[in-house]
Amino acid sequence: MTEPLFSTTQQVSQSTTDFQNAVDWAAVARLVLTSRTLDDLEEQELVPTGIVRYQFSARGHELAQVLLGLRLNQPHDAASVYYRSRPFMLSQGMTIAEGLASSMARVDSLSGGRDVGAVYNMPRRERATILPMAGDVGGQYSPAAGWAQTITYHQSVLQDQAWQNTAAVVFGGDGSLATPGFWSAFNMATTLKLPLLFFIEDNGYAISVPSVLQVPNGDIMANFASYQNVLLLSGDGTDPIDAATKIDQALDHIRSSLGPVLLRFRVPRLNGHSITDTQAYKDEATKKAEWQRDPIPRLRAFMLEQGWTDTQWEALVAQVEQDVRKELEQALASPEPDPATSSQFMFSDPAHPQRAGGIGNYQPMVASPESQVATGPRINMIDAVRQTLTHELATNPRMLVFGEDVGRKGGVHGATRDLQHQFGEGRVFDTALSEEGIIGRAVGMALAGLLPVPEIQFRKYADPAMEQITNCGSIRWRSNNNFAVPLVVRMPVGFSKYTGDPWHSVSGEAIYAHTPGWQIAFPSNAADATGLLRAALRGNDPVFFLEHRALLDTPEGRTPYPGDDYIVPFGQAKVRQAGDIVTVVTWGAMLHRCLEAAQPFGDSVEIIDLRTIVPWDRETVLASVEKTGRCLVVHEDTWTAGFGAEIAATIAQDAFEWLDAPITRIAAPDNPVPYNRQLMTTVIPGVEEIRVRMDVLLRY
Ligand SMILES: Cc1ncc(C[n+]2csc(CCOP(=O)(O)OP(=O)(O)O)c2C)c(N)n1
């Protein structure tokens with residue numbers, strides 16, 4: 001790789017009083033011109049020749065980004081960027097060749113060719129860590145708030161001096177101010193007074209939609225005037241002194257732990273939104289007025305005022321042109337990615353540790369002996385969950401537990417009762433009612449090396465967080481194994497022992513199984529809950545830990561506590577009952593219904609508790625079907641594209657020769673769970689229905 005685009009000897013003053021005098025304006029000019037030259041090159045040569053397919057210009061936005069970038073000089077500073085952030089990326093040490101290789105989707109791109117060239121991620125080099133960016137507008141915000149909360153965690157709970165004076169920054173356009181992601185992060189940052197800078201580049205448009213349709217009267221600053229706990233700053237992002245001064249003021253506020261800042265710069269967007277956008281929605285006068293605000297002539301005039309000569313400026317332009325041409329050769333020489341690697345890095349691989357976030361020296365877990373479960377008084381599954389959380393909190397200072405009502409109340413299901421009292425409000429705490437904020441914050445914390453364990457009150461209420469969930473799952477893959485985000489999302493699923501309803505009784509594991517990058521545990525009893533939760537908490541990947549409501553405090557879910565070191569590695573199903581004529585595959589509360597249904601059939605029925613949905617134990621299932629030749633899959637999730645369909649398809653493909661009967665499924669019909677108990681029992685598979693199907697298969 002070639003040198004980053006700023007000199008390591010530049011002066012970036014720590015002092016806040018004379019920032020504009022201390023700025024290395026030569027470095028600023030070089031970076032700004034480099035970004036502009038890259039845009040020219042791509043638009044005029046690389047897109048027309050098909051070498052670059054997808055281009056986002058930063059033209060007009062460059063100056064303020066670079067001024068901010070050069071100030072991110074603390075070791076734990078982090079930034080969550082967006083697709084117009086290439087000038088900032090250059091200021092963080094991304095080389096010209098990497099920038100071009102990213103646009104060309106080559107091996108040397110920041111994502112190894114996996115992501116769009118303008119979608120960045122970069123473990124720390126000389127300056128900030130660049131969090132894996134989201135392609136969804138608004139998705140960049142709550143992970144940045146999670147990093148900001150990590151800063152306060154290190155400062156106040158872990159008392160870590162290295163995190164003093166640290167800032168998190170999130171970049172966005174005016175359109176992004178209308179997204180749920182922005183509001184969830186803004187609410188979080190202002191409520192918790194987080195060290196987070198919202199750096200808003202307001203160019204007046206979101207593609208073609210003007211900002212008057214994004215926020216009232218198109219002016220977010222006026223609307224925020226009465227907002228509490230935030231410093232509001234607004235400036236001209238094309239004016240070197242105004243931009244430098246406001247950035248200085250903003251960072252000074254944040255590094256002094258005075259809370260968040262929203263800094264809005266008005267900037268012109270001198271090109272279309274992307275290369276395909278002709279800007280037909282702007283009239284000529286508007287475009288002309290925008291070009292008059294081009295920051296580069298203003299920067300040049302400012303540099304001349306500072307004593308630069310025309311010759312020096314022209315020499316810099318020529319030098320930048322030469323540098324870009326030289327690194328273009330390097331980018332063009334970068335190979336295409338190897339097609340054989342396209343599925344690599346979906347999950348942690350001990351042979352290839354990630355570079356940031358998660359556990360660096362992760363090793364696969366070993367199963368504890370079953371004998372550990374055998375003795376002792378039986379405890380509820382919810383108590384097993386609490387006991388496991390307690391032990392892991394006591395032994396892992398990086399672990400935090402949070403969610404709605406999780407703190408003082410101890411959770412609406414009691415899983416976290418007394419944990420705040422034992423471990424303090426810094427480690428076990430209530431959050432605002434924002435699932436997007438809960439999961440997005442967890443992502444930012446995991447990227448920063450903590451182990452977040454958020455609770456979602458009921459499976460249905462994770463829906464607002466779906467954007468963060470899908471983005472989280474793909475982080476390791478799309479950052480080409482640069483970043484890992486191990487975190488454990490606990491949530492109750494399914495009907496309760498009293499009733500069901502459309503809101504609290506969703507199981508829906510199939511949706512998450514279809515969300516790449518997540519592992520899913522679905523225990524049927526206290527011992528498995530203990531072992532699986534411990535495996536999740538010591539793992540190196542994001543996990544959904546699904547706790548069935550009808551098993552939390554019922555006899556079916558009870559077992560002896562297997563101990564504080566008990567581990568059930570993922571992907572190891574358990575044969576709960578051996579049999580030789582029919583195989584039943586199931587999980588969660590349905591396991592107990594299957595056991596009851598099979599009672600009249602003695603050892604004819606083999607019952608497998610899958611225990612984890614991702615990864616699922618194909619070997620145990622296929623070995624059983626080879627033995628029995630018959631298979632019944634039972635689950636509570638809805639029928640169409642339920643996880644049973646995946647199991648049935650696998651058996652049909654890999655064990656077809658062994659089958660003596662059609663693979664049979666029992667699942668909920670494709671409708672929500674009703675509140676009326678009698679209606680509910682017609683939807684959730686019952687013991688009688690299961691027994692009849694077993695009988696049919698036994699006689700087939
Ligand atoms: C959630 C989501 N919706 C829609 C899009 C498509 N899209 C990409 S950029 C964009 C406009 C964003 O405008 P703004 O935030 O003002 O930033 P600018 O491009 O003006 O810098 C839209 C609608 C997206 N990427 N994500």
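Note that the numbering runs from 1 along the sequence shown for the chain. What you see is a predicted model, and the numbers here were worked out from it, not measured in a lab. Whatever order the structure lists ligands and atoms in, that order sets their numbers, starting from 1.
Remark: the backbone N or O of Asp236 is not paired with any side-chain donor or acceptor of Asp239 at under 3.5 angstrom.
At least one side-chain heavy atom of Pro195 sits less than 4.5 Å from a side-chain heavy atom of Ile254.
Ring centroid separation for the pair Tyr141 and Phe182 comes in under the 6.0 Å cut-off.
When all heavy atoms of Ser109 and Ser102 are compared, the closest pair comes out as CB-CA, 3.1 Å. The minimum heavy-atom distance linking Asn121 with Pro132 is given by the pair CB-CA, 3.6 Å.
Closer than 4.0 angstrom to ligand 1 lie heavy atoms from His61, Tyr82, Tyr83, Arg84, Gly135, Asp136, Val137, Gly173, Asp174, Gly175, Ser176, Asn203, Tyr205, Ala206, Ile207, His273.
A cation-pi geometry, defined here as NZ or CZ lying under 6.0 Å from the six-membered ring centre and within 45° of its normal, holds between Arg459 and Tyr512.
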